[in-house]
Amino acid sequence: MYLHSGCQIAVSPDTKYFAVDWLGVEVTRATLGIIGMGNIGYKVAQRARAFNMRILYHNRNRRRKEEEEAVGAHYCEKMEDLLQQSDFVMLVVNLSPETHKLIGKKELGLMKPTAILINISRGAVIDQDALVEALQNKVIRAAALDVTYPEPLPRDHPLLKLNNIIITPHIGTATVQAIHMMAEEAIANMLAVLNGQPIPSEVFPK
């Protein structure tokens, strides 16, 4: 939030000076709660460890002890425990009937009033109406969303009118290198099918 607002202050023609009491919050030693500890969630934990963050996670399946110890992650069997303790809550789950509106009014109410919600999974994992209400009423400090539903949001959507949210246009994988890697993986899968070989990235129906 502070980066976004800070950029606006820095370039505004009305800016005469920078306020000395305009302060953000540290991520170092803060508690990060990761909901969804698959491949991406685990990579987030690896990066968070570099900031000396306390890492909690909630997942359908608990990670092996060695994997937990490698990043200093602590398992929360109940998502409610993670929500109550975390300074930052990051959503890294697949969208499924079980995760549709996983975060709603009740879950937002369990979070700290100083907490920040981050969604890099799918927009429908959050009840957006409940999020609008929580941000308006300062139930949580702020939110950062790379995903919404729909994408893009209607131009009159209330989320776009709030000053305690950052929304980016689903750009989590939008780098030249990532797109090249995804194209190469797709080609490898197609060639495997054409040659009657096992599919490297096969998606199995649930």
Side-chain angles (χ1 to χ4, degrees), residues 25-112 114-128 130-131 134 140-149 151 165-168 170-175 177-178 181-182 185 199-206:
V25 293
E26 288 274 355
V27 296
T28 301
R29 289 182 293 278
T31 299
L32 170 65
I34 301 172
I35 299 177
M37 190 66 114
N39 290 335
I40 296 174
Y42 195 77
K43 289 183 182 298
V44 169
Q46 290 174 322
R47 287 152 177 77
R49 184 177 175 86
F51 287 97
N52 286 332
M53 299 188 83
R54 176 181 178 232
I55 302 167
L56 307 177
Y57 79 96
H58 173 74
N59 202 45
R60 281 180 303 179
N61 303 306
R62 184 170 183 172
R63 285 269 184 171
R64 297 198 317 270
K65 186 178 180 182
E66 314 86 80
E67 293 174 325
E68 290 180 344
E69 290 176 348
V71 294
H74 304 277
Y75 179 63
C76 291
E77 185 176 354
K78 295 181 179 178
M79 187 175 70
E80 291 80 1
D81 294 337
L82 179 148
L83 293 171
Q84 290 173 329
Q85 297 180 61
S86 299
D87 300 303
F88 299 87
V89 173
M90 182 176 285
L91 302 171
V92 203
V93 295
N94 294 323
L95 180 60
S96 68
E98 292 75 31
T99 63
H100 183 259
K101 294 192 177 179
L102 179 69
I103 303 297
K105 184 171 183 176
K106 174 190 171 187
E107 290 74 24
L108 291 162
L110 289 171
M111 292 172 63
K112 297 179 181 180
T114 54
I116 296 173
L117 178 65
I118 303 163
N119 190 8
I120 62 169
S121 56
R122 289 293 181 268
V125 170
I126 297 176
D127 180 338
Q128 287 183 168
L131 180 60
I140 62 172
R141 182 195 297 270
L145 312 177
D146 188 40
V147 287
T148 59
Y149 67 92
E151 291 177 347
I165 189 169
I166 288 176
I167 301 174
T168 50
H170 207 146
I171 56 173
T173 56
T175 67
Q177 294 86 348
M181 288 169 62
M182 286 190 283
E185 185 175 356
I199 304 170
S201 307
E202 186 170 1
V203 177
F204 297 97
K206 292 182 179 179

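For reference, positions follow the sequence shown, starting with 1. For the numbers below, each heavy atom of this structure counts, side chains included, while hydrogens, waters and symmetry mates do not.
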Asks: Taking all non-hydrogen atoms of both residues, which atom of A178 and which atom of T173 are closest, and how far apart?
Replies: CB-O, 3.3 Å
Asks: Tell me whether E26 at atom CD has more than 12 heavy atoms from other residues, nucleotides or ligands lying less than 6.0 Å away.
Replies: no
Asks: Could you tell me the separation between the CG atom of L95 and the CZ atom of R122, rounded to the nearest 0.5 Å?
Replies: 7.5 Å
Asks: Once rounded to the nearest 0.5 Å, what's the spacing between atom CE of M53 and atom CZ of R47?
Replies: 14.0 Å
Asks: In Å, rounded to the nearest 0.5 Å, how long is the span from CD1 of I120 to OG1 of T168?
Replies: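 Here the rounded value is 10.0 Å.
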Asks: Give me the one residue out of H58, K106, E107, Q85 that meets side chain to side chain contact (heavy atoms under 4.5 Å, CB included) with E80.
Replies: K106
Asks: Would you find more than 12 non-hydrogen atoms of other residues, nucleotides or ligands less than 6.0 Å from K105 atom NZ?
Replies: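 It does not: K105 NZ has 12 such atoms or fewer within range.
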Asks: Q128 versus T148: any side-chain heavy-atom pair under 4.5 Å?
Replies: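 Yes, side chains in contact.
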Asks: For V71 versus I55, what's the shortest heavy-atom pair and its separation?
Replies: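 Taking every non-hydrogen atom into account, O-CD1, 3.4 Å.
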Asks: Apply the test side chain to side chain contact (heavy atoms under 4.5 Å, CB included) to residues V27 and L32: give CA-CA distance (whole Å), side-chain angles for both, the deciding distance (0.1 Å), then the verdict.
Replies: CA-CA 9 Å; V27 296; L32 170 65; over 6 Å; no
Asks: Looking at every non-hydrogen atom in both residues, tell me the closest pair between L131 and A143 and how far apart they are.
Replies: CD1-CB, 4.2 Å
Asks: Apply side chain to side chain contact (heavy atoms under 4.5 Å, CB included) to M111 and V89, showing your working.
Replies: CA-CA 9 Å; M111 292 172 63; V89 173; 3.8 Å; yes
Asks: Take a 6.0 Å sphere around OH of Y149 and say whether it holds more than 12 heavy atoms from other residues, nucleotides or ligands.
Replies: yes
Asks: Are side-chain heavy atoms of I34 and L56 found at a separation under 4.5 Å?
Replies: no
Asks: Does a side chain donor of either T28 or N52 reach within less than 3.5 Å of an acceptor in the other side chain?
Replies: no
Asks: State the CD1-CZ distance between I118 and F88, to the nearest 0.5 angstrom.
Replies: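 The CZ atom of F88 is 6.5 Å from CD1 of I118, to the nearest 0.5 Å.
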Asks: Look only at the side chain of R141 and the backbone of T114, and say whether a donor-acceptor pair between them is shorter than 3.5 Å.
Replies: yes
Asks: If I compare all heavy atoms of E151 with all of H170, which pair ends up nearest, and what's the gap?
Replies: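 Looking at all heavy atoms of both residues, the shortest contact is OE1-ND1, 2.9 Å.
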Asks: Within 45° of the axis and under 6.0 Å from the centre of the six-membered ring of Y42, does NZ or CZ of R63 qualify?
Replies: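 That pair qualifies as a cation-pi contact.
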Asks: Hey, is the main chain of L145 close enough, under 3.5 Å, to the side chain of N119 for a donor-acceptor pair?
Replies: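 No, because the side chain of N119 does not come within donor-acceptor range (under 3.5 Å) of the backbone of L145.
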Asks: Would you indicate whether M182, at its atom CE, is surrounded by more than 12 heavy atoms from other residues, nucleotides or ligands within a distance under 6.0 Å?
Replies: yes
Asks: Taking the side chain as every heavy atom from C-beta outward, state whether L102 and H100 have any pair of such atoms under 4.5 Å apart.
Replies: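 No, every pair of side-chain atoms sits at 4.5 Å or beyond.
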Asks: Test side chain to side chain contact (heavy atoms under 4.5 Å, CB included) on I140 and L108 and set out the steps.
Replies: CA-CA 7 Å; I140 62 172; L108 291 162; 4.0 Å; yes
Asks: Is it the case that S96 and N94 place a side-chain donor and acceptor less than 3.5 Å from each other?
Replies: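 There is no such pair (donor and acceptor under 3.5 Å, judged by atom type) between the side chains of S96 and N94.
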Asks: For residues M79 and I35, determine if any side-chain heavy atom of one lies less than 4.5 Å from a side-chain heavy atom of the other.
Replies: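 The answer is yes; the side chains approach within 4.5 Å.
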Asks: Between S86 and A115, what is the shortest heavy-atom contact and its length?
Replies: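 Reported closest heavy-atom pair: O-CB, 3.7 Å.
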Asks: Sort out for me which residue in E77, E68, M37 forms a side chain to side chain contact (heavy atoms under 4.5 Å, CB included) with R62.
Replies: E68
Asks: Under 3.5 Å, is there a donor-acceptor pair between the side chain of Q84 and the main chain of D81?
Replies: no
Asks: Just do the side chain to side chain contact (heavy atoms under 4.5 Å, CB included) check on D87 and V25 with the steps written out, would you?
Replies: CA-CA 10 Å; D87 300 303; V25 293; over 6 Å; no
Asks: Check G104 against D127 and note the closest heavy-atom contact, atom names and distance.
Replies: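 Answer, listing the atom of G104 first, then D127: CA-CB, 4.0 Å.
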